[in-house]
Every structure is written in C-alpha cells, then in structure tokens.
*Asks:* 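Please see the structure below; I have some questions.
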Amino acid sequence: MTDSDLISRVAARGDGVTADGRHIPFAAPGDRLHPDGGLIHGEHHASPPCQHFPLCGGCQLQHLDEESLATFVRERVMHALATQQIEAAMVMPVHLSPPATRRRIAIRSAWAGKQFQLGFSTEKSHRIIDLRQCDVMAPQLFALLQPLRSFLAPRVEAKRNVQVKLALTDQGVDMLIENLSVQGLDAHEALSAFAQENRLARLSLDDGYGPTAQWEPVPMTVSLGGVAVAYPPYAFLQATADGEAALVAAVEQIVGEAKLVADLFAGLGTFALSAGQGRKVYAAEGERGAIMALKNAAALAQRAVFTEHRDLFRRPLDAKELNRFEAVILDPPRAGAREQIVQLAASDVPRIAYVSCNPGSFARDAKTLVVAGYRLQRIWPVGQFRWSTHVELVAEFIRP
C-alpha cells in the first residue's frame, strides 16, 4: 500500500477521494484501499447509526465522524469559493445540527408486492426505503410513521403514490397528504379521527388544486424572532430550529448597528422578525401567502417591518432603492439571486448578509460582488442537514 491509496478528502457527492484522484464510495479521510479492493478503516471512519444506511437517500455521510463531517461542510464552501478565485478574510467555525432535530420532512409511499412502504427514496432511484429507524428526523415526526402506514395502506391503491409532508409548529405536527383520494362522509370522518388520535395540530389534503385543511382546531403558527406567524401548510422553514438559530445569530453579527435594513427573499420572516427588534426592516418576498403572513404577524407584534409582495427575479430592487439601507439581508432559493446581485453590486450598501443553501450559486453571486468592490469579510459554514451533502452558509460582504 502507498500514499496513493490513502483517502485524503470527501468529494461533494460524498465519495472518498484518494491522493491520485480515485473516488471510493463510503470512504472517510484516513481510510486506505486494500490491495484486494476492500477498505481499511481509519480513525475518522464512524459506524453508521442507522440500519438503513447507505440505501436510504436521506443520508450520504453517516460513515464520517464529527471532525470529518465538519471538515466536509467547510471544504464544500471553500471549494466553491476557490472555483471563483475568491478568498474569505475569516472562516468561522462550522456549525452542525445535532441528530434527530429535522423538523420539516417529506416522505413517499409505494406498494412493494403486498407490503405498503413509507419513507425516503433510495439514492438516485424511485425505490422507497420503508423507514423503521431515522436518526435525523425529530422524534415527534418519526412517531407518526407507523400510524400513517396503518391509516394509508387500506386507502391507497396499488399504483397510486402518496406523498406526506410533515413539519413541527408551535401547536404540534402539521401534516399535508398529497395525491390521496378521499370520497364520502365516512372517509372524511376517518381523517378527522386519525388527526385527533395522533394529536395532529393540522391535517391537510392536496389533490392537485392546493392544500385544504381537514382538521385544524386552532390556527397554526411558527414563532420567528419571538413572533407567532401564521403557517401555511408545509411552508418553508429552516430544516432545524438549531440551524435556524445559528443562521440568525450570524446575520445579527453582520447587520450590527444598522437601523434601516432590507430583507430580500424574506419568506415568513425568519430574519426580518429577528432583525426587526429596534430596527426598521423592509421585507420583500415573491410568495404571496408567506409575505401576507409576515405582514399580519409584524403588525400584531408591533414590529417595524414594512412588507412588499415582489418578485425579485423579475423586479429586483435597483441600486437607487438599495442605497437607502444600511444593511441588506438576502436568503434566495438554490438558484441564487443573479438579478438582485447585479443591482447590489452597483449599489453603495455598506453591509450585505447573504444566506445560501447552495455554495455553487453563492460563489457565482459572490464573484459579482467582489468584482464590484465588495470584500468577503466572514463566512459561516452550516450543516443543518446532518449526514447529507446539503450545505448552507452565511456570508458577510462589506464595502471597504
């Protein structure tokens, strides 16, 4: 064996990579290739805690210990920056969310012969792994899987695939079932009984025309920045409360003493409501239900948050509008914020807090800002999606 057989890093899709560039599935840094083609585990190779790993597509990295998992998250961010020839002045410590804290998940059903299955798809396949264990899902969500199997199995035809979306809210579990055919009074009463028996906060159905609540004893909310916000069925939330707190804390450090702040792609107000204590915040969002929920919640809480329903891809804030603000927060979708970034690059905004769930699109946008004279001052890598290759970050850009 030579140094060329040593696993030196983990690639973006989770494969271990040798010094000479070979990609080895489920290898950790410090592992070695045996001459017979096997793998000799090193000190960073962990025993996967879940019986479904590696078949289940929900996790790709359960074979990494904490140190190498944190290194993977950091290197994903740094590699994306390197491809754009960008350096951060300071890289903050990696934040990893603990196991069993995922509060928003979507699972699918399928029939395998006479067995009704409910779980995640396998990697690069439509095959369903019937989950009997899950070390990422919050226990309150996982506890519903077996009652769901019993309820859905006699009601789902062999060729029908049902998707179930679960989220933890202030009142408990929000459940949205898609593509389930419910006909007649008895079927609707069975839905209500299921919701009551399992203490759901809300049960909604979507047959292709949008979610309709079947059971909702009290209005559903999620608390953001200490404010209860009306929660549409399976609306976007940060994956874990722990991860959300890490992102909010980083953004707060960047915003600093700024008193007039813009929050772009504001969603339900994760950052607008947290930043809205002692500041004036303008919040823009293209999804009407989310921005209306934020508007109403801010008004009830008497927060100085001014909202606008605005498609920032088709109608980004221009440089003149942006120059009114002392700091800008933006948290775009995975595709990034190309159109808005062009306007930010032309602006004089002194501080930008960019929250991203895609290091690749972030690095592209960062290049535009850096070329325009911004400096990437600090970056916070965040691993909310434990044991997955999905990585998030917060970046601070300043005008020198």
Side-chain angles (χ1 to χ4, degrees), residues 77 80-81 83-92 236 247-248 250-267 269-272 274-276 279-287 290-291 294 305-382 392-400:
V77 174
L81 289 175
T83 61
Q84 298 290 342
Q85 296 82 48
I86 300 172
E87 291 186 5
M90 187 181 303
V91 181
M92 307 303 286
F236 176 79
L247 298 175
V248 167
V251 167
E252 182 66 23
Q253 287 190 50
I254 297 167
V255 171
E257 300 299 319
K259 296 300 181 184
L260 187 59
V261 177
D263 182 10
L264 310 180
F265 307 96
T270 299
F271 302 106
S274 297
R279 301 185 181 96
K280 291 183 178 179
V281 178
Y282 162 82
E285 167 59 45
E287 207 285 304
I291 198 66
L294 171 55
V305 178
F306 306 92
T307 60
E308 182 179 11
H309 178 224
R310 183 164 178 165
D311 185 337
L312 294 169
F313 295 104
R314 296 184 178 181
R315 195 164 64 92
L317 272 69
D318 62 30
K320 184 177 179 181
E321 292 174 294
L322 291 164
N323 286 341
R324 302 171 185 171
F325 301 103
E326 299 169 45
V328 168
I329 305 164
L330 69 160
D331 181 14
R334 287 189 60 79
R338 187 192 301 269
E339 295 80 6
Q340 187 60 76
I341 287 293
V342 169
Q343 296 301 322
L344 273 166
S347 78
D348 296 322
V349 175
R351 292 183 176 276
I352 299 171
Y354 191 137
V355 183
S356 173
C357 61
N358 184 343
S361 61
F362 161 76
R364 179 205 67 206
D365 289 346
K367 181 72 170 182
T368 302
L369 293 175
V370 170
V371 168
Y374 278 95
R375 183 171 69 197
L376 177 52
Q377 184 67 13
R378 289 182 289 180
I379 195 161
W380 288 258
V382 176
E392 297 180 301
L393 63 93
V394 181
E396 176 186 27
F397 293 91
I398 61 172
R399 278 278 189 204

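These figures come from a predicted structure and were not determined experimentally.
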*Asks:* For the side chain of Q85 and the backbone of T83, is there at least one donor-acceptor N/O pair under 3.5 Å apart?
*Replies:* yes

*Asks:* Check step by step if side-chain contact (heavy atoms from CB on, under 4.5 Å) holds for E392 and V355.
*Replies:* CA-CA 8 Å; E392 297 180 301; V355 183; over 6 Å; no

*Asks:* For residues F397 and D365, determine if any side-chain heavy atom of one lies less than 4.5 Å from a side-chain heavy atom of the other.
*Replies:* no

*Asks:* Got L330 and I341 here, is their nearest side-chain heavy-atom distance under 4.5 Å?
*Replies:* yes

*Asks:* Quick one: closest heavy-atom pair of P332 and A337, and the distance?
*Replies:* CB-CB, 3.8 Å

*Asks:* Taking only residues at least two apart or on different chains, which pairs with a member in residues 334-343 satisfy side chain to side chain donor-acceptor pair (under 3.5 Å)?
*Replies:* R334-H390

*Asks:* Are the side chain of E321 and the backbone of D318 linked by a donor-acceptor contact shorter than 3.5 Å?
*Replies:* yes

*Asks:* Take F265 and F271, measure what ring-ring contact (aromatic ring centres under 6.0 Å, His included) needs, and give me the verdict at the end.
*Replies:* CA-CA 10 Å; F265 307 96; F271 302 106; over 10 Å; no

*Asks:* Please give me the minimum heavy-atom distance between A327 and A258, naming the atom from each residue.
*Replies:* CB-CB, 3.9 Å

*Asks:* So, does N323 use its side chain to make a donor-acceptor pair with the main chain of D348 at under 3.5 Å?
*Replies:* yes

*Asks:* Could you tell me if the side chain of T307 sits less than 4.5 Å from the side chain of E285, heavy atoms only?
*Replies:* no

*Asks:* Can we say E326 and K259 salt-bridge, meaning some charged N sits less than 4.0 Å from an Asp/Glu carboxylate O?
*Replies:* no

*Asks:* Which heavy atom in A275 sits nearest to a heavy atom in I329, and how many Å separate them?
*Replies:* CB-CD1, 4.3 Å

*Asks:* Looking only at non-hydrogen atoms, find the nearest pair between L294 and A266 and report the distance.
*Replies:* CD2-CB, 4.2 Å

*Asks:* When you compare the side chain of T368 with that of R364, does any pair of heavy atoms fall below 4.5 Å?
*Replies:* no

*Asks:* Answer yes or no: is there a side-chain heavy-atom contact under 4.5 Å between T270 and V251?
*Replies:* no

*Asks:* Would a distance-only check, ignoring hydrogens and angles, find a side-chain to backbone donor-acceptor pair under 3.5 Å from R310 to P316?
*Replies:* yes

*Asks:* Going from CG on L369 to CG on L376, what distance comes out if it is rounded to the nearest 0.5 angstrom?
*Replies:* 9.5 Å

*Asks:* For S347 versus Y374, what's the shortest heavy-atom pair and its separation?
*Replies:* OG-OH, 3.4 Å

*Asks:* Between CZ of F362 and CD1 of I379, what distance do you get to the nearest 0.5 Å?
*Replies:* 4.0 Å

*Asks:* Check whether any side-chain heavy atom of L317 lies under 4.5 Å from a side-chain heavy atom of V328, and answer yes or no.
*Replies:* no

*Asks:* Apply side-chain contact (heavy atoms from CB on, under 4.5 Å) to L322 and L264, showing your working.
*Replies:* CA-CA 11 Å; L322 291 164; L264 310 180; 4.3 Å; yes

*Asks:* Using every non-hydrogen atom in the two residues, find where A250 and W380 come nearest and quote the distance to one decimal.
*Replies:* CB-CD2, 3.6 Å

*Asks:* Is any side-chain heavy atom of V370 less than 4.5 Å from a side-chain heavy atom of Q84?
*Replies:* no

*Asks:* Please test L344 against Y354 for side-chain contact (heavy atoms from CB on, under 4.5 Å), starting from the C-alpha separation and ending with a verdict.
*Replies:* CA-CA 11 Å; L344 273 166; Y354 191 137; over 6 Å; no

*Asks:* Passes side-chain contact (heavy atoms from CB on, under 4.5 Å), V91 versus V77? Steps please.
*Replies:* CA-CA 10 Å; V91 181; V77 174; over 6 Å; no

*Asks:* Could you grab the distance from atom CD of E396 to atom CE of M92, nearest 0.5 Å is fine?
*Replies:* 9.0 Å

*Asks:* State, yes or no, whether a side-chain contact exists between Y282 and L260 at a heavy-atom distance under 4.5 Å.
*Replies:* no

